[in-house]
**Student:** 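Here you go, one structure.
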Amino acid sequence: MSGGGSLGLKIASWNVNSLRVRLPHLQRWLAAEQPDLVGLQETKTTDDKFPAEALHASGYRSVFAGQPTYNGVAILIRDAQFEEAVDWSAQDPRLPDDQKRLIAATVTPKGTTTRLRFMNVYVPNGSEVGCEKYDYKLRWLDALKTRINKEIASQTQLALVGDFNIAPEDRDVHDPQAWHEKILCSTPERRAFAALLAAGLTDSFRQHCTEPGYFSWWDYRQAGFRRGLGLRIDHVLLSAGLASGCSNALIDKEPRSWDQPSDHAPVVASV
DNA sequence: ATGGTGGGTTACCCA
């Protein structure tokens with residue numbers, strides 16, 4: 001599907017840094033913004049404790065893959081907008097291990113025959129350039145690229161969203177000199193991100209804004225948010241058909257200003 | 001000035 005019109009869907013990604021703690025923020029944001037598909041990262045909860053009922057009361061079905069303490073991803077699907085049948089899966093045999101960092105769902109907007117693929121990832125942070133976790137991050141990204149190439153080849157419309165833990169370019173960094181070749185900004189990480197775009201995806205935010213100074217994550221330390229010390233590391237990437245119908249994309253900084261916030265802001269695209 | 005905060009948990013963890 002290329003050159004098509006818009007589906008009229010608002011899709012989003014948000015690293016909530018503990019769904020247990022952030023559920024009130026999430027519900028407040030869902031009610032205000034009414035996104036149709038949401039990828040959540042760092043839910044930090046096991047599946048038996050996932051607040052599926054509370055989210056259903058907010059109008060969303062959930063699919064989720066969690067583990068104790070770390071990681072955890074979920075997809076929220078707005079009931080009113082989609083057919084009931086949802087094909088979903090977590091994990092991928094190409095990935096280096098079983099950490100819960102990837103989940104994908106195929107949904108059908110009500111009254112259509114469109115098959116929309118929504119993939120949500122929590123890319124490893126990598127800790128520090130050159131360390132073992134950094135190598136793991138690059139291996140994980142290589143596996144993701146292979147997976148994305150396969151998804152793109154399947155010709156379905158694909159949105160790949162998540163916390164990529166990569167600021168793609170210097171304009172995505174508050175102080176490019178200070179961050180030069182540091183974690184989240186190093187050349188191998190940026191190449192891995194570029195390889196995802198080269199597979200046939202578009203960074204929706206950069207379709208609508210080319211200016212520096214737009215960030216999606218601010219460190220809790222150093223009063224990062226108040227001082228504007230951020231990076232743009234959360235992304236909504238769209239295959240060609242979706243990108244051509246993408247009418248808007250933004251970073252919603254408001255929830256980052258609320259009490260007890262996640263360190264990430266939600267990112268949104270209208271397709 | 002090389003720290004700091006905020007999740008998780010009880011691991012000199014992870015971001």
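Numbers restart at 1 for each chain; the letters A, B, ... are given by sequence-line order, proteins then strands.
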**Student:** Quick check for you: among B/dG7, B/dA15, B/dT9, whose closest atom lies nearest to any side-chain atom of A/Thr69?
**Tutor:** B/dT9
**Student:** Name the residue closer to the 5' end of DNA chain B, choosing between A/Arg22 and A/Asp163 according to the nucleotide with the nearest heavy atom.
**Tutor:** A/Arg22
**Student:** Considering only B/dG4, B/dG7, B/dG8, which nucleotide approaches the side chain of A/Arg20 most closely?
**Tutor:** B/dG8
**Student:** Please classify the nucleic acid contact of A/Phe225 as base, sugar-phosphate, or nothing, using heavy-atom distances under 4.0 Å.
**Tutor:** nothing
**Student:** Identify which nucleotide among B/dG4, B/dA15, B/dG7 has an atom closest to any side-chain atom of A/Asn165, counting heavy atoms from C-beta outward.
**Tutor:** B/dA15
**Student:** If we take the P atom in both B/dT9 and B/dG4, what is their distance in whole Å?
**Tutor:** 23 Å
**Student:** When the P atoms of B/dC13 and B/dG3 are compared, how many Å lie between them, rounded to an integer?
**Tutor:** 16 Å
**Student:** Could you check whether any side-chain N or O of A/Gln41 sits under 3.5 Å from a backbone N or O of A/Gly39, counting only pairs where one atom can act as donor and the other as acceptor?
**Tutor:** yes
**Student:** Does a nitrogen or oxygen in the side chain of A/Arg221 sit under 4.0 Å from OP1 or OP2 of B/dG6?
**Tutor:** no
**Student:** Given B/dC14, B/dT5, B/dG8, identify the nucleotide with an atom nearest to the side chain of A/Tyr220.
**Tutor:** B/dT5
**Student:** Applying a 3.5 Å limit to both distances, which nucleotide forms a Watson-Crick or G-U wobble pair with B/dC12?
**Tutor:** none
**Student:** Could you go through A/Asn17 and A/Tyr220, starting from their C-alpha distance and side-chain angles, then the distance that decides it, and tell me whether this counts as side chain to side chain contact (heavy atoms under 4.5 Å, CB included)?
**Tutor:** CA-CA 12 Å; A/Asn17 187 18; A/Tyr220 287 124; 3.1 Å; yes
**Student:** Report the C-alpha separation of A/Asp172 and A/His235 in whole Å, then their side-chain angles, then the decisive distance to 0.1 Å, and conclude whether the side chain to side chain contact (heavy atoms under 4.5 Å, CB included) test is met.
**Tutor:** CA-CA 11 Å; A/Asp172 301 309; A/His235 307 292; 5.7 Å; no
**Student:** Would you kindly give the NZ-to-P distance between A/Lys182 and B/dA15, to the nearest whole Å?
**Tutor:** 18 Å
**Student:** Quick one: does A/Ser13's side chain have a donor or acceptor within less than 3.5 Å of a partner on A/Val267's backbone?
**Tutor:** no
**Student:** Between B/dG4, B/dG7, B/dA15, which nucleotide gets closest to the side-chain atoms of A/Gln222?
**Tutor:** B/dG4
**Student:** Taking B/dT10 as the reference, what is the distance to B/dT5 when you measure between their P atoms (whole Å, please)?
**Tutor:** 23 Å
